[in-house]
There are 2 protein chains.
Amino acid sequence: MGILARLTVRQQQQKVREDAILDATRVMLAKKGYDLMTVDEVAAEAGIAKASLYKHFSSKESLAAAVMIHLLDQAIAFLESLPPELAPVDKMRGLLRWALDLRLDGGLPLLPSTSSTLQSNLLANRDYVKRILALNERMLDLVKAAQAQGVLDPGLPPDVVVFSLYARTCDPAVEYLQMSGRYTHQQVTEYLVKVAFAGLQGTR
Amino acid sequence: MGILARLTVRQQQQKVREDAILDATRVMLAKKGYDLMTVDEVAAEAGIAKASLYKHFSSKESLAAAVMIHLLDQAIAFLESLPPELAPVDKMRGLLRWALDLRLDGGLPLLPSTSSTLQSNLLANRDYVKRILALNERMLDLVKAAQAQGVLDPGLPPDVVVFSLYARTCDPAVEYLQMSGRYTHQQVTEYLVKVAFAGLQGTR
DNA sequence: GTCTATACCATGATAGAC
DNA sequence: GTCTATCATGGTATAGAC
C-alpha cells in the first residue's frame with residue numbers, strides 16, 4: 001500500500017506539473033503563436049527550467065500538439081454538454097461564443113490556420129486528426145440539421161459552413177476590436193456571433 | 001548627356017531589381033508569413049545574393065513594410081478605380097473579391113492580424129499608418145452610406161463592419177476550402193463573399 | 001529520480017572585405 | 001554586386017545537484 005500510495009502521489013504531482021506546463025503553453029501559444037513562442041518562455045511561465053520541461057514533453061511540437069488536442073477535447077465536451085433539445089443552430093452559436101470567450105480571455109491559440117510549422121506536423125499527428133474528424137462529424141450533422149430546418153442557408157455546402165465557423169473562432173477582427181478599446185469583451189463576442197450568422201447585411 | 005542617360009538606365013535597372021525583390025518578398029510573405037520567411041529565401045527567389053539584397057533594403061522589416069505599403073496603395077487605387085455610381089456595398093464586395101482573388105493567387109500576405117513581430121513595427125511606420133488611416137476613412141464612408149441605404153445592418157457600429165471586412169480578406173477558411181480540393185478558386189471567392197455579407201443564415 | 005546549469009549545434013540576420 | 005565572417009537566438013542533449 002505504501003508503494004502504491006506513493007506512486008499515486010508522485011503521479012499526481014507529475015500531472016499537476018504537466019498541467020501547469022500545458023497551461024503555460026496554451027497561454028504563450030495564444031499570445032505569440034507557435035513560431036514565436038519559445039520553450040524558454042513556456043518554462044519560465046510554468047516556473048521550471050527548460051530542461052525539466054523536456055523531461056515531460058519530448059519536443060516543442062509535442063507540447064503544442066498536447067495543447068491543441070486538449071482544446072479539441074474541450075470543444076467536443078462543450079458540444080456534448082449542451083441540452084439535446086437545443087436547436088442545432090444554437091449549438092453552433094454556443095460553440096462560437098465559447099471559443100470567442102476563451103480567446104478574449106487570452107486562452108485560445110489561433111488554430112493553425114496561418115501557415116506555421118505546426119500545421120504539417122499536427123496533420124501527421126493521429127490523436128489530433130482523430131479529434132478533428134470527430135468534431136467535424138458533429139458539426140456537419142448540426143449544419144445539415146439546421147439547413148433542413150431552414151435556419152441556415154441551404155445553398156451553402158455544409159463544409160463551407162463548418163470551415164467558416166472554425167474561421168470565426170480565429171477571426172482577427174477580435175484583435176482589431178479589442179485594440180480599438182471601444183467595446184467590452186461581451187460586446188465583441190456578440191457582434192462577431194451576430195456577423196457570423198446574419199452577415200454584414202443583418203436580417204432584413 | 002552620356003552620364004545622365006547612363007544614370008537613368010542604371011536607376012531603371014535598380015528599380016527593376018527592387019521590384020523583383022519586393023515581388024519575391026510578397027510571395028514569400030504570403031506563403032510563410034513574416035516570422036517564417038527568411039531573407040535567404042527572398043534573395044534566392046529574387047535571384048540575387050542575400051548581402052546584395054541588403055544593399056537595397058536596410059532590414060527584413062523594411063522589406064516587409066515596403067510590400068505592405070505597396071499593397072495598401074493598390075487597395076486604395078482599386079477602390080478609386082471603381083465607377084462612382086457603383087453602390088457602396090458593391091464597392092465593398094468588390095474590394096473583398098479583389099483581395100481574395102489576390103490571395104488565392106498566392107499573392108496576398110495575411111495582414112498582420114497574427115501577433116507577429118511585424119505588427120508592432122508596422123504600427124510605428126508612418127507611411128504604413130498613413131495608408132491604413134486613408135483606407136479606413138474611405139471604408140467607413142462606404143459603410144455609413146450602405147447603412148443609410150439599408151443594405152447593411154444599421155445596428156452594427158461602422159468600425160465593426162470595417163474590421164470584419166478586413167478580417168475576411170485573411171479568412172483562414174480560404175485555406176481550409178482550398179485544402180479540401182472540392183472547389184475552384186472562383187467558387188471559394190463567391191462563397192466567402194456571400195457568407196461575409198449574408199452570413200451563414202443567408203438572406204431569408 | 002527529478003530538476004538546474006550549462007554545453008552544443010543549426011539557423012538566420014547583419015556587417016565587412018573583395 | 002558576391003563571398004565570407006560575426007553574432008544572437010533558440011531547440012535539444014548531457015552532467016551533475018538534491
Side-chain angles (χ1 to χ4, degrees), chain A residues 2-25 28-29 31-67 115-122 124-125, chain B residues 6-7 9-22 24-25 27-29 31-67 115-122 125:
Chain A
I3 290 181
L4 269 178
R6 265 164 64 194
L7 264 180
T8 303
V9 166
R10 197 176 293 165
Q11 284 175 342
Q12 281 180 345
Q13 286 181 339
Q14 266 232 346
K15 180 150 186 6
V16 167
R17 243 176 240 122
E18 293 190 352
D19 282 350
I21 295 173
L22 287 180
D23 222 57
T25 308
M28 294 313 295
L29 264 185
K31 200 186 312 190
K32 323 188 57 170
Y34 180 74
D35 303 310
L36 255 52
M37 171 190 94
T38 74
V39 177
D40 295 73
E41 289 167 331
V42 173
E45 178 92 9
I48 62 170
K50 181 162 64 156
S52 309
L53 191 154
Y54 272 92
K55 297 285 180 189
H56 296 276
F57 295 92
S58 61
S59 69
K60 185 182 175 181
E61 277 168 25
S62 72
L63 253 185
V67 167
S115 63
S116 103
T117 353
L118 238 198
Q119 200 174 20
S120 38
N121 290 108
L122 278 179
N125 184 318
Chain B
R6 265 163 64 195
L7 263 181
V9 167
R10 197 175 293 164
Q11 285 176 340
Q12 282 180 344
Q13 286 181 338
Q14 268 233 345
K15 178 151 188 4
V16 168
R17 244 176 237 123
E18 293 190 351
D19 282 351
I21 294 172
L22 286 180
T25 308
V27 170
M28 294 313 296
L29 264 185
K31 200 185 314 188
K32 322 188 56 170
Y34 180 76
D35 304 309
L36 256 50
M37 171 188 95
T38 76
V39 177
D40 295 72
E41 289 167 332
V42 173
E45 178 92 9
I48 62 171
K50 177 162 64 159
S52 309
L53 190 153
Y54 273 90
K55 302 282 181 188
H56 295 276
F57 295 91
S58 60
S59 69
K60 185 183 175 182
E61 276 169 25
S62 72
L63 253 185
V67 167
S115 63
S116 102
T117 354
L118 238 197
Q119 201 173 18
S120 39
N121 290 109
L122 279 179
N125 184 318

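The chains referred to below are lettered A, B, ... by the order of the sequence lines, with proteins before strands, and numbering in each begins at 1. Values below: every heavy atom of this structure, side chains too, minus hydrogens, waters and symmetry copies.
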Protein-proximity profile, nucleotides 3-18 of chain D, B/S/- by nucleotide at the 4.0 Å heavy-atom cutoff, equals B------SBBBB----

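- Shown for residues 14-24 of chain A: residues whose heavy atoms fall under 4.0 angstrom of DNA chain C, namely A/R17.
- Under the 4.5 Å side-chain criterion, counting only non-hydrogen atoms from C-beta, A/N121 is not in contact with A/N125.
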Apply the test side chain to side chain contact (heavy atoms under 4.5 Å, CB included) to residues A/E41 and A/E45: give CA-CA distance (whole Å), side-chain angles for both, the deciding distance (0.1 Å), then the verdict. CA-CA 6 Å; A/E41 289 167 331; A/E45 178 92 9; over 6 Å; no

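- For C/dT2, neither phosphate oxygen OP1 nor OP2 lies less than 4.0 angstrom from any side-chain nitrogen or oxygen of A/H56.
- Nearest heavy-atom pair across A/A66 and A/F57 is CB-CE2, 4.1 Å.
- The NZ-P distance, from B/K32 to C/dG12, rounds to 8 Å in whole Å.
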Residue pair B/K31, B/M37: steps toward the side chain to side chain contact (heavy atoms under 4.5 Å, CB included) verdict: CA-CA 8 Å; B/K31 200 185 314 188; B/M37 171 188 95; over 6 Å; no

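- The minimum heavy-atom distance linking B/A43 with B/A49 is given by the pair CB-C, 3.9 Å.
- Taking A/K60 as the reference, nothing meets the side-chain hydrogen bond (donor to acceptor under 3.5 Å, both in side chains) condition, with sequence neighbours excluded.
- In this structure, A/V67 and A/D23 have side chains that are not in contact, with every pair of non-hydrogen atoms separated by 4.5 Å or more.
- Residues A/A20 and A/A46 come closest through the heavy atom pair O-CB, 4.1 Å.
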